[in-house]
Engineer: 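A single structure is presented below for examination.
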Amino acid sequence: MNDETSALAGKRSLGTLAVIGCSKVVAGMWRVREWNMSAAALNRYVQESMALGVTTFDHADIYGGGEVEALFGDALAQTPSLRAKMQIVSKAGIRPRGSSAGAVGVKHYDTSRTYLQAAVEHSLQRLKTDHLDLFLIHRPDHLANNDEIADAAESLIREGKIRAFGVSNFTTRQFDSLRAKVALATNQIEFSPFELQALDDDVFTALSSAAVSPMIWSALGGGRLFSETDELAVRLRRELTTLAEKYNASSWVSIVYAWIFTLPCAPYVLVGSRRLESLQQAVDGSGVKLSREDWYAILEAARGKPVL
Ligand SMILES: NC(=O)c1ccc[n+]([C@@H]2O[C@H](COP(=O)([O-])OP(=O)(O)OC[C@H]3O[C@@H](n4cnc5c(N)ncnc54)[C@H](OP(=O)(O)O)[C@@H]3O)[C@@H](O)[C@H]2O)c1
């Protein structure tokens with residue numbers, strides 16, 4: 001283990017996402033199969049994203065039943081020099097029911113050492129790379145053995161197959177109990193004006209105390225924010241449009257990202273769009289400094305009532 005990987009493996013390492021060079025705006029690959037892109041088109045998307053400063057790409061072994069990682073690997077193979085300038089995140093631990101690779105009769109979670117190590121190997125093969133910059137447990141496993149998970153993560157880091165390790169969709173208690181055994185770089189969680197639970201329970205507060213940045217998924221409610229008929233979406237768009245004018249922002253969408261980037265836990269935000277303009281809107285949002293009052297105005301629109 002070199003000094004850097006040893007620092008990343010150390011329990012007290014701070015700000016690991018920054019250490020491994022993740023961009024604050026991360027391109028989410030979940031929906032890539034719906035984009036119907038060829039490897040050449042995805043290669044262009046990746047290169048243009050990176051030109052915007054979005055150098056981190058989020059995957060999971062189950063996205064498209066493994067097809068998303070494979071297509072990304074084909075896209076990467078067209079310009080191998082890109083690999084050193086990007087960060088690849090992937091996740092494992094969900095075993096879907098069905099016929100795709102890793103599928104089983106009953107959908108379940110598997111965080112056994114053997115399963116996690118095999119899952120990383122398969123992701124590396126599909127992605128045509130020799131390491132993941134960040135490997136996450138996709139969802140908490142009710143049958144988890146934290147010592148076994150810690151052993152698996154530490155050997156993957158030692159072998160150079162992953163640079164850092166983290167989790168996704170963990171409660172604070174689940175996060176803290178695993179973090180007592182192994183360094184965690186992040187907890188990737190859902191948060192948006194439609195999904196406020198991480199704010200209402202203590203997930204963000206606990207991450208701030210641990211100096212660990214969350215990664216936020218479905219920041220735009222998975223596209224719900226664009227629905228014409230959704231009353232909450234309409235109310236939010238009205239508020240966001242007013243603020244976009246006030247802050248001279250390129251789009252009201254940027255204000256949503258600004259709202260998330262304002263959180264003291266220093267989040268990284270995933271964008272799930274096929275369009276580069278959407279990535280640009282998120283990048284622009286990172287530069288907007290909302291006042292405290294305006295931040296609470298968005299929360300009020302999200303909840304439909306003022307704070308107590
Ligand atoms: N850890 C987990 O359990 C978990 C769960 C879900 C997702 N994720 C990760 O988070 C990423 C983002 O999630 P998401 O796709 O639900 O996020 P999202 O960014 O909230 O939603 C993306 C959807 O909104 C649409 N959209 C329309 N206008 C948009 C605009 N201006 N900007 C952005 N999107 C716009 C997109 O369609 P167009 O493509 O047409 O723009 C797309 O269908 C995923 O790709 C995945 O990597 C992780």
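Since the structure is predicted, the reported quantities are computational estimates derived from the model, not experimental observations. Quick note: residue numbers are just sequence positions, from 1. As the structure lists them, so they are numbered: ligands from 1, and atoms in each ligand from 1.
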Engineer: Quick check: does Gly272 get an N/O under 3.5 Å from an N/O on ligand 1?
Structural biologist: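 Looking only at distances, the answer is yes, because the N/O contact criterion of under 3.5 Å is met.
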Engineer: So, is Lys91 polar-close to ligand 1, with some N/O to N/O distance under 3.5 Å?
Structural biologist: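 No; the residue has no nitrogen or oxygen that sits under 3.5 Å from a nitrogen or oxygen of the ligand.
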Engineer: May I ask you to identify the nearest protein heavy atom to atom 13 (O) of ligand 1, giving residue, atom name and distance to one decimal place in Å?
Structural biologist: Ser218 N, 3.5 Å
Engineer: For ligand 1, indicate whether the residue Asn169 contacts it via side chain, backbone, both or neither (heavy-atom separation under 4.0 Å).
Structural biologist: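 Within the 4.0 Å criterion, Asn169 contacts ligand 1 through side-chain atoms alone.
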Engineer: Any atoms of ligand 1 less than 4.0 Å from a non-hydrogen atom of Gly28? List them with their elements.
Structural biologist: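 Counting from 1, the qualifying ligand atoms are 11 (C), 44 (C), 45 (O), 47 (O).
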Engineer: With a cut-off of 4.0 Å, which atoms of ligand 1 are near a heavy atom of Gly221?
Structural biologist: 20 (O)
Engineer: Which atom pair, heavy atoms only, marks the closest approach of Ser168 to Gln188?
Structural biologist: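 Minimum heavy-atom separation between Ser168 and Gln188: OG-O, 2.8 Å.
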Engineer: Just grab all the ring-ring contact (aromatic ring centres under 6.0 Å, His included) pairs involving residues 171-191, residues at least two apart or on different chains.
Structural biologist: Phe191-Phe204, Phe191-Trp259
Engineer: Counting only heavy atoms closer than 4.0 Å, does ligand 1 sit against the backbone of Ala219, its side chain, both, or neither?
Structural biologist: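 Looking at Ala219 and ligand 1, just backbone atoms fall under 4.0 Å.
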Engineer: For atom 15 (O) of ligand 1, what is the nearest protein heavy atom, given as residue, atom name and distance?
Structural biologist: Arg31 NE, 2.6 Å
Engineer: Salt bridge or not between Asp147 and Arg113? Use side-chain N to carboxylate O under 4.0 Å.
Structural biologist: no
Engineer: Report the member of Arg224, Gln280, Arg274, Glu277 with the shortest heavy-atom distance to atom 40 (O) of ligand 1.
Structural biologist: Arg274
Engineer: Does any N/O atom on Ser278 come nearer than 3.5 Å to any N/O atom on ligand 1?
Structural biologist: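 Yes.
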Engineer: With a sphere of 6.0 Å drawn around CD of Glu159, does it hold more than 12 non-hydrogen atoms of other residues, nucleotides or ligands?
Structural biologist: yes
Engineer: Taking ring pair (Phe, Tyr, Trp, His ring centres under 6.0 Å) as the definition, give me every residue that meets it alongside Trp217, ordered by chain and number, with sequence neighbours left out.
Structural biologist: none
Engineer: Please state which option from Tyr63, Phe57, Trp217, Phe226 has its nearest heavy atom closest to atom 5 (C) of ligand 1.
Structural biologist: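 Going through Tyr63, Phe57, Trp217, Phe226 one by one, Trp217 has the nearest heavy atom to atom 5 (C) of ligand 1.
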Engineer: Grab the two heavy atoms, one from Val182 and one from Ala150, that are nearest each other, plus how far apart they are.
Structural biologist: CB-CB, 3.7 Å
Engineer: Could you tell me which atoms of ligand 1, counted from 1 in the order shown, lie closer than 4.0 angstrom to a heavy atom of Leu270?
Structural biologist: 10 (O), 11 (C)
Engineer: For ligand 1, find out whether one of its N or O atoms is nearer than 3.5 Å to an N or O atom of Val271.
Structural biologist: no
Engineer: Less than 6.0 angstrom separating the ring centers of Phe226 and Trp252, yes or no?
Structural biologist: yes
Engineer: Which pair of non-hydrogen atoms, one from Leu184 and one from Val212, has the smallest distance, and what is that distance?
Structural biologist: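 Answer, listing the atom of Leu184 first, then Val212: O-CG2, 3.7 Å.
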Engineer: Are any of the protein's heavy atoms under 4.0 angstrom from atom 37 (O) of ligand 1, yes or no?
Structural biologist: no
Engineer: Minimum distance, heavy atoms only, to atom 47 (O) of ligand 1: which one of Ile216, Val26, Asp58 is it?
Structural biologist: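 The option holding the nearest heavy atom is Asp58.
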Engineer: What protein heavy atom sits nearest atom 48 (C) of ligand 1, and how far away is it?
Structural biologist: Gln188 OE1, 3.2 Å
Engineer: Between Gly222 and ligand 1, is there a nitrogen or oxygen pair with a distance under 3.5 Å?
Structural biologist: yes
Engineer: Which atom names give the shortest non-hydrogen contact between Ile94 and Pro96, and what distance separates them?
Structural biologist: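 Here Ile94 and Pro96 meet closest at O-CD, 3.3 Å.
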Engineer: Please state which part of Gln281 comes within less than 4.0 Å of ligand 1, counting heavy atoms only: side chain, backbone, both or neither.
Structural biologist: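 It is the side chain that gets close, since no backbone atom is under 4.0 Å.
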Engineer: Heavy-atom contacts with Met29 under 4.0 Å: which atoms of ligand 1 show up? List them by number with element.
Structural biologist: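 Matching atoms, with element in brackets: 45 (O), 47 (O).
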Engineer: Have a look at ligand 1 and work out which part of Ser168, if any, has a heavy atom under 4.0 Å from it: side chain, backbone, both or neither.
Structural biologist: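 Just the side chain.
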Engineer: Under 4.0 Å between a Lys/Arg side-chain N and an Asp/Glu carboxylate O for Lys91 and Asp58?
Structural biologist: yes
Engineer: Give me the atom names and distance for the closest heavy-atom approach of Ile216 to Pro267.
Structural biologist: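 That would be CG1-CB, 3.8 Å.
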Engineer: I'd like to check whether Tyr257 has a polar contact with ligand 1, where a contact means an N/O of the residue lying under 3.5 Å from an N/O of the ligand.
Structural biologist: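 Tyr257 vs ligand 1: no N/O contact under 3.5 Å.
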Engineer: Which pair of heavy atoms, one from Val167 and one from Leu136, lies closest together, and at what distance?
Structural biologist: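 In terms of heavy atoms, the two residues are closest at N-CD2, 3.7 Å.
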